[in-house]
Amino acid sequence: MADKISLKDAISIGIGGMVGGGIFAVLGLAVSIAHGGTPVAFLFAGLLALITSYSYVKLSQHYPDRGGTVKFINQGFGVSIFSGAINNLLWISYIIMLSLYASAFGSYAPNLLELTSNKTVDFHIYASAIIILATAINYYSIAVVGKIESYAVIIKLIILFGFIGVGAYGLIGNPNLSQLAISHWESPVQLFAAGMVIFVAYEGFELIANAAPDIINPKKNIPRAYYGSVIFVIVLYIIIAIVTVGSLPFDTIATAEDYVLAEAAKPMLGQIGFTIITIAALISTFSAINASLYGGSRVNFEIAEDDELPHHFTSKLWNQPIGLLVTAIATLVLVNILDLESISTAGSVGFIIIFGIVNLVGFKTSKDTSSNKIIPIVGCTLCILALVILINQQYKSNLTGVLVSGAIIALCFIAEWIYKTSEKRRKS
């Protein structure tokens, strides 16, 4: 039983995966798009995650495998060019998430300690340094990665609950509370679009799938782990959004967009509050980078094992999959060339496509998994709708993000087609 995962640990995996650097990175972005309707935007994104978690529950129970999402996609579509391309998109989406977390770290850190007189230079130094440090830790010891993650989950939740408690008290008589009125909301379509841009804040619950084979009493605990973690995070994000929008005027939020959670602690706790939330953001994003680097390299290894990437990726360097180094280098490149909104858009597009396809697998395998056919097909349809609305909204305001997303998807399919074709030719 020592290697088994309890319900509490499984829920921690889901919460830890979601409440990583996401909320610290994208909260300001959400407010800039949704304004007073930001809590509703987080609700929309959360409902899509909750519906998708139904497919994950059924697939995790019927096909428990440490490969998680990779194995589900292969189960639904076989080992093909399509499944290979989607699994490669999953790996690249992890790299994008890493870039998002590193970007958040680079935005918060200079507020604590300026290295140069230029904030942009400081951003690049901090964002690059944290990736290099996390890569070194991953090579040094996976056990250390696990320890950092377990402590970080507790620390960041304590600080976030503290922020909510103090912030909620600070809302009493705050003139900015009126910003939450419906008159300050954007249109329903714009609110949904905002939810989809920041959908990456909910990425992480799918990591429970990788732990599914080890969960105690899987029939009962797998559904509880998924639904419990997603519902908890939806409520947490909505309350954080209410406190933030009710605490600060919109123009202050816009100025501090990249580190707005720290700024929102200022009205009640002054500079001390700002510093505490900044430290929480640094711990959260660091732990998220640590865990996602490991997760990303595992995904890369699983894909290569299933013959959807060259077998060179199953080889090891310093006792770790070669994918760890490739993932780290790719993250370094992305975080230093793309802005936060483009990274967030590309990450959301990637995960909405992947979750849409997992919902489709849930629908296709509903007979085998004894599941309801309607929920997965509703999830898949909502993912398609979300993708259309997100691309349409971002096409007008952030063409770079849309083009980057399109280029990544095309690259995944072209690379997989070239690999599969050359393998066929080699074998024949």
Side-chain angles (χ1 to χ4, degrees), residues 5-28 30 39 42 46 100-101 104-105 107-109 111-113 130 133-134 137 143-172 198 201-205 207-208 224-225 227-248 256 258-292:
I5 294 170
S6 67
L7 174 62
K8 182 172 70 69
D9 291 339
I11 290 173
S12 294
I13 289 168
I15 293 172
M18 286 180 278
V19 189
I23 186 69
F24 294 98
V26 301
L27 179 60
F42 274 106
L100 186 76
Y101 300 150
F105 190 95
S107 297
Y108 276 87
N111 295 315
L112 212 58
L113 178 65
I130 200 64
L133 175 63
I137 290 169
V144 172
V145 174
K147 277 203 178 96
I148 289 170
E149 190 57 25
S150 57
Y151 286 122
V153 169
I154 296 162
I155 293 166
K156 64 193 171 192
L157 286 179
I158 288 170
I159 293 175
L160 284 174
F161 280 131
F163 167 81
I164 287 168
V166 174
Y169 179 74
L171 291 181
I172 300 164
I198 51 95
Y202 286 100
E203 181 282 317
F205 69 86
L207 296 173
I208 296 169
R224 287 174 177 175
Y227 302 142
S229 60
V230 174
I231 291 167
F232 174 86
V233 172
I234 291 172
V235 174
L236 180 70
Y237 285 174
I238 289 172
I239 296 170
I240 288 172
I242 289 169
V243 170
T244 303
V245 176
S247 297
L248 297 171
D258 294 348
Y259 51 90
V260 71
L261 210 57
E263 196 66 37
K266 258 188 177 174
M268 272 301 289
L269 296 172
Q271 192 57 39
I272 292 171
F274 183 90
T275 305
I276 290 169
I277 296 293
T278 300
I279 290 167
L282 298 180
I283 292 168
S284 289
T285 48
F286 174 51
S287 79
I289 291 164
N290 241 335
S292 300

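These numbers come from the heavy atoms of this one structure, side chains and all, not from hydrogens, waters or symmetry mates. Numbers here simply count residues along the sequence, with the first being 1.
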J.: Any chance you could measure Ile240, atom CD1, to Ile23, atom CD1, to the nearest 0.5 Å?
T.: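 Those atoms lie 5.0 Å apart.
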
J.: After noting the C-alpha distance and the side-chain angles of Ile276 and Phe163, does the key distance pass the side-chain contact (heavy atoms from CB on, under 4.5 Å) rule?
T.: CA-CA 9 Å; Ile276 290 169; Phe163 167 81; over 6 Å; no

J.: Drop me the distance from Ser247's OG to Lys266's NZ, to the nearest 0.5 angstrom.
T.: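 Separation between the atoms: 13.5 Å.
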
J.: Rounded to the nearest 0.5 Å, how far does CD1 of Ile15 lie from CG of Leu207?
T.: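 Spacing of CG (Leu207) from CD1 (Ile15) equals 13.0 Å.
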
J.: Which heavy atom of Leu248 sits nearest a heavy atom of Pro267, and at what distance?
T.: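 Here Leu248 and Pro267 meet closest at CD2-CG, 3.9 Å.
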
J.: Kindly give the heavy-atom pair with the smallest separation between Ile208 and Ser229, and that separation in Å.
T.: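 Smallest heavy-atom distance, with atoms named: CD1-OG, 3.7 Å.
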
J.: Which heavy-atom pair separates Ala30 from Phe42 by the least distance, and what is that distance?
T.: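 Shortest heavy-atom separation between Ala30 and Phe42 comes out as CB-CE1, 4.0 Å.
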
J.: Does Tyr101 reach the side chain of Ile130, with side-chain heavy atoms less than 4.5 Å apart?
T.: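 With C-beta onward as the side chain, the pair stays apart.
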
J.: Rounded to the nearest 0.5 Å, how far does CD1 of Ile279 lie from OG of Ser284?
T.: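 Going from the OG atom of Ser284 to the CD1 atom of Ile279 covers 12.0 Å.
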
J.: Write down the atom of Val243, the atom of Gly167, and the distance for their closest heavy-atom approach.
T.: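 Reported closest heavy-atom pair: CG1-CA, 3.6 Å.
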
J.: Using side-chain heavy atoms (C-beta onward) and a distance below 4.5 Å, is Leu160 in contact with Tyr237?
T.: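 No - every pair of side-chain heavy atoms lies 4.5 Å or more apart.
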
J.: Locate the shortest heavy-atom distance separating Ala265 from Ile277; write the atom from each residue and the value.
T.: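 So the minimum-distance heavy-atom pair works out to CB-CG1, 3.6 Å.
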
J.: Once side chain to side chain donor-acceptor pair (under 3.5 Å) is applied, do any residues pair with Ser6, and if so which ones, sequence neighbours excluded?
T.: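 With sequence neighbours excluded, Ser6 shows a side chain to side chain donor-acceptor pair (under 3.5 Å) to Asp9, given in chain and number order.
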
J.: Looking at every heavy atom in both Ser287 and Ala152, which two are closest together, and how far apart are they?
T.: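 For Ser287 and Ala152, the tightest heavy-atom pair comes out as CB-CB, 3.3 Å.
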
J.: Got a second to check how far Leu100's CG is from Ile198's CD1, nearest 0.5 Å?
T.: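 The CD1 atom of Ile198 is 11.0 Å from CG of Leu100, to the nearest 0.5 Å.
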
J.: Please identify each residue that fulfils salt bridge (Lys or Arg N to Asp or Glu O under 4.0 Å) with Glu203, with sequence neighbours left out.
T.: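 Glu203: no salt bridge (Lys or Arg N to Asp or Glu O under 4.0 Å) contacts found.
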
J.: Give, for atom CZ of Phe286 and atom CD1 of Ile289, the distance between the pair rounded to the nearest 0.5 Å.
T.: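 If we round to the nearest 0.5 Å, Phe286:CZ and Ile289:CD1 are 8.0 Å apart.
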
J.: Return yes if some donor-acceptor pair links the side-chain N/O of Thr285 with the main-chain N/O of Leu282 below 3.5 Å, else return no.
T.: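 A pair under 3.5 Å: yes.
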
J.: With Ile155, which residues qualify under side chain to side chain contact (heavy atoms under 4.5 Å, CB included), at least two apart?
T.: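 Once residues adjacent in sequence are excluded, the partners of Ile155 under the side chain to side chain contact (heavy atoms under 4.5 Å, CB included) criterion are Ile159, Ile283.
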
J.: Is a side-chain donor or acceptor of Tyr259 paired with a backbone partner of Ala109 at a separation under 3.5 angstrom?
T.: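 Not confirmed, Tyr259 side chain does not pair with Ala109 backbone.
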
